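Take a look at the structure below.
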Amino acid sequence: MEYQEFAKYYDIFYQKKDYQKEVDFLMNFISTEDDVIDIGCGTGIHASLIEKKKVNIEGLDLNKEMLDIAKTRIKSNLYLQNILNINIDKKYDVIISMFAVINHLKNIEELEKCFLNLKSILKNNGLIIIDLHNPQKSGKKMDSYNNLTRIMEWDYNPESKIEKSKITFIKDNKKYNDSHTFRIFTIDEIEKVAEKTNLKLEKIYENYDINKIGTANSKNIQFIIRNL
């Protein structure tokens, strides 16, 4: 099962995710005059909550099924594109990329290409805000909603900085298998690639808390990066 099939179940499994807390954090860096784009917008929940703040926000995702759901939530433009091959004739004040989208990149070379793509649609002095998954260990968990069960197992290798996950969905006693691989980027790697692409890492936060500084031990990290 790929994200195409998973799209219909995505919001079910993440219904307890505190999107409002994350948007409240983001609004520390976004004004109502800003043009914003959500890169890897998924089903559009972050973007829809920001749009309710009277902000003009657009979305981009490589998954058509996800975007079809996002279209029911967001009034502005949605782009079916890959983060590594962005083709938009517009520049934004703020780019956000939430929920470990950047972790899907395979290596430093792709991270550099990604940053150059984001920079190409960012105004001078504009901001990039990215959220990165930063696991500390391997693990397993299970959750269920009505007739749908998800079992997740993940194995994190700190030497390779790779996390491999296996996901089993059980629906009406039928099993569907999925998997994904995350590259875990360190703070130092993000800073070096930002510098190489003429961007500046300004702030690092933990768990969408403006009062918590992100560290190598944070489970998830938010990076505030400025275009020079």
Side-chain angles (χ1 to χ4, degrees), residues 3-4 7 10-11 19-20 22-106 108-132 185 190-191 193-203 205 208 222-228:
Y3 278 110
Q4 286 84 354
Y10 186 89
D11 291 338
Y19 286 96
Q20 190 60 60
E22 297 174 10
V23 168
D24 289 344
F25 168 84
L26 292 170
M27 290 307 297
N28 286 286
F29 309 97
I30 297 171
S31 77
T32 54
E33 277 97 50
D34 287 336
D35 284 318
V36 183
I37 186 167
D38 185 353
I39 301 292
C41 65
T43 62
I45 296 179
H46 284 110
S48 66
L49 291 172
I50 292 173
E51 193 173 64
K52 289 176 182 177
K53 303 279 188 181
K54 309 301 182 184
V55 174
N56 179 39
I57 182 166
E58 300 179 350
L60 178 149
D61 205 283
L62 56 72
N63 183 276
K64 181 182 181 299
E65 286 74 17
M66 291 280 198
L67 285 181
D68 285 343
I69 297 172
K71 285 176 184 176
T72 67
R73 294 183 167 130
I74 306 168
K75 297 176 184 176
S76 295
N77 295 325
L78 293 171
Y79 302 93
L80 180 62
Q81 295 186 20
N82 191 309
I83 194 171
L84 294 175
N85 190 26
I86 296 174
N87 182 23
I88 300 175
D89 187 21
K90 181 177 180 178
K91 290 187 181 290
Y92 298 87
D93 299 285
V94 181
I95 296 171
I96 66 172
S97 187
M98 301 290 98
F99 210 9
V101 166
I102 301 297
N103 289 113
H104 286 85
L105 302 175
K106 297 176 182 177
I108 294 294
E109 290 73 26
E110 285 197 352
L111 179 65
E112 183 178 335
K113 185 175 181 180
C114 168
F115 276 14
L116 288 171
N117 269 275
L118 297 182
K119 185 179 176 68
S120 72
I121 59 168
L122 187 62
K123 294 180 183 178
N124 291 337
N125 207 41
L127 290 180
I128 300 170
I129 306 172
I130 61 175
D131 167 54
L132 291 188
F185 296 102
I190 295 293
E191 186 168 26
V193 173
E195 183 178 353
K196 187 175 182 180
T197 54
N198 203 28
L199 299 164
K200 181 183 180 183
L201 176 58
E202 287 197 339
K203 297 281 188 180
Y205 296 99
Y208 294 94
Q222 292 74 53
F223 295 83
I224 312 300
I225 300 170
R226 189 172 295 277
N227 190 18
L228 299 177

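FYI, the numbering just counts along the sequence from 1. The shown structure was predicted, so the numbers you read here are calculated from the model rather than taken from an experiment.
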Q. Looking only at heavy atoms, what is the nearest atom pair of Ile102 and Cys114, with distance?
A. CD1-SG, 3.7 Å
Q.
So does Glu202 get a backbone contact from the side chain of Arg226, meaning a donor-acceptor N/O pair under 3.5 Å?
A. no
Q.
Quick check against the 3.5 Å criterion: does Lys200 have a side-chain atom that pairs as donor or acceptor with the backbone of Asn227?
A. no
Q | Presence of salt bridge, Lys196 and Glu112, under 4.0 angstrom | A | yes
Q) Asn82 side chain to Leu84 main-chain N or O, any donor-acceptor pair under 3.5 Å? A) yes
Q: Take Lys52 and Val23 through the side chain to side chain contact (heavy atoms under 4.5 Å, CB included) test and state the conclusion after the steps.
A: CA-CA 11 Å; Lys52 289 176 182 177; Val23 168; over 6 Å; no
Q | Approximate separation, where rounding is to 0.5 Å, of Ile50 CD1 and Asn56 CG | A | 11.5 Å
Q: State, with a plain yes or no, whether a side-chain heavy atom of Ile225 is found less than 4.5 Å away from one of Phe115.
A: yes
Q: From the options Leu62, Ile37, Ile39, select the one residue that forms a side-chain contact (heavy atoms from CB on, under 4.5 Å) with Tyr79.
A: Ile37
Q. Can you name the ring pair (Phe, Tyr, Trp, His ring centres under 6.0 Å) partners of Phe25, sequence neighbours left out?
A. Phe29, Tyr205, Tyr208
Q. Which heavy atom in Asn63 sits nearest to a heavy atom in Glu65, and how many Å separate them?
A. OD1-N, 3.1 Å
(Q) If you compare all heavy atoms of Leu60 against all heavy atoms of Gln81, which two are closest, and at what distance to 0.1 Å? (A) CD2-O, 3.4 Å
